[in-house]
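Structure first, then comments.
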Amino acid sequence: MTRLYTHADCLRHDPGAGHAEVPARLRAVLEALDHDRFAALDRVEAPLAEIEQLERVHAPDYIQRILGSEPDAGTFRLDEDTVMSPGSVAAARRAAGAVCAAVDAVLAGETSHAFCAVRPPGHHATPDRAMGFCLFNSIAVGAAHAMAVHRLKRVAIVDFDVHHGNGSQDIFAEDARVMYASSHQAPLYPGTGEEDQPCGGHIINATLPPRSGSQAFRELWEERLLPRLYSFKPQLVLVSAGFDGHRLDPLADLELESEDYAWITHRLLQLADAHARGRLVSALEGGYHLDALRAGVAAHVGELMA
Ligand SMILES: [Zn+2]
């Protein structure tokens, strides 16, 4: 059984014309999933994340600053990439709330797999800084929720977005209960995630040069990331699912194909089956070419339902 968590509030956050992270992204994702092939998805409205849930990974004064920065009209710029509009706070709270609710559902045995079709993305948001289109780090909030409420001792965050999830790494740099494993293009925004940086055995970064393509991506996961994840034996697999590694994406040039997203999803489900009783929760991060995003999400969710 696979659940889909989403909410109409996630369509209201609008950084404005010319920005890459637009409401049309989520409309494209929902269109892709509005197809007979996905009729068996169990569709659930995402709740708002509680402030207490956000405070597990973000500083209280940072959360208050975000809550207080939403403009009544127009936009408010937090940095050169990261913009708030009317509705942004609810969107970001639904995104993090979706992951927490999905974690609750898989740990209660109500479903094995869940995909959170939400925006804004989250993996660049640090404990006290919005950046890279991200306000609250939804996948990190979900990991912290799993540990605080469900007492899990080993949670994997697997990040196949083309960018490094610097925020997720920062949040769990000192917490070995979380293994953060990321493949990302380098050089590329945000410039973090070098392979040999001394961040302990639970932060696993693997980089790919531009134009690496499918084979190099799959080899990287098979040879370097998946073995570490199997050794860690996660009780829950969380996925930062970004589709901006696709060859059509305007923000990067990793040159992946839609089939690569089916492949990595299948391999992560095998990991979840081996160690986590099949429990896997995925949340949308990047993906900025609408056709590539539709195809990538369809490949990903199709595997989750298989
Ligand atoms: Zn990205």
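Counting convention: from 1, in listed order, for ligands and their atoms alike.
Results of the ring-ring contact (aromatic ring centres under 6.0 Å, His included) test with His184 over His164, His123, His124 single out His164 as the only residue that passes.
Between His246 and Tyr261, the two ring planes are parallel [angle under 30°; tilted spans 30° to 60°].
His163 contributes atom ND1 as its closest N/O/S atom to the Zn ion (ligand 1). Of all N/O/S atoms in Asp244, OD2 sits nearest the Zn ion (ligand 1). Of all the N, O or S atoms in Asp161, the one closest to the Zn ion (ligand 1) is OD1.
Side-chain atoms of Asp161 and His163 include a donor-acceptor pair closer than 3.5 Å.
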N/O donor-acceptor pairs under 3.5 Å from side chains in residues 38-47, not counting sequence neighbours:
from	atom 1	to	atom 2	distance (Å)
Asp42	OD2	Arg3	NE	2.8
Arg43	NH2	Leu33	O	2.9
Arg43	NH2	Phe38	O	3.1

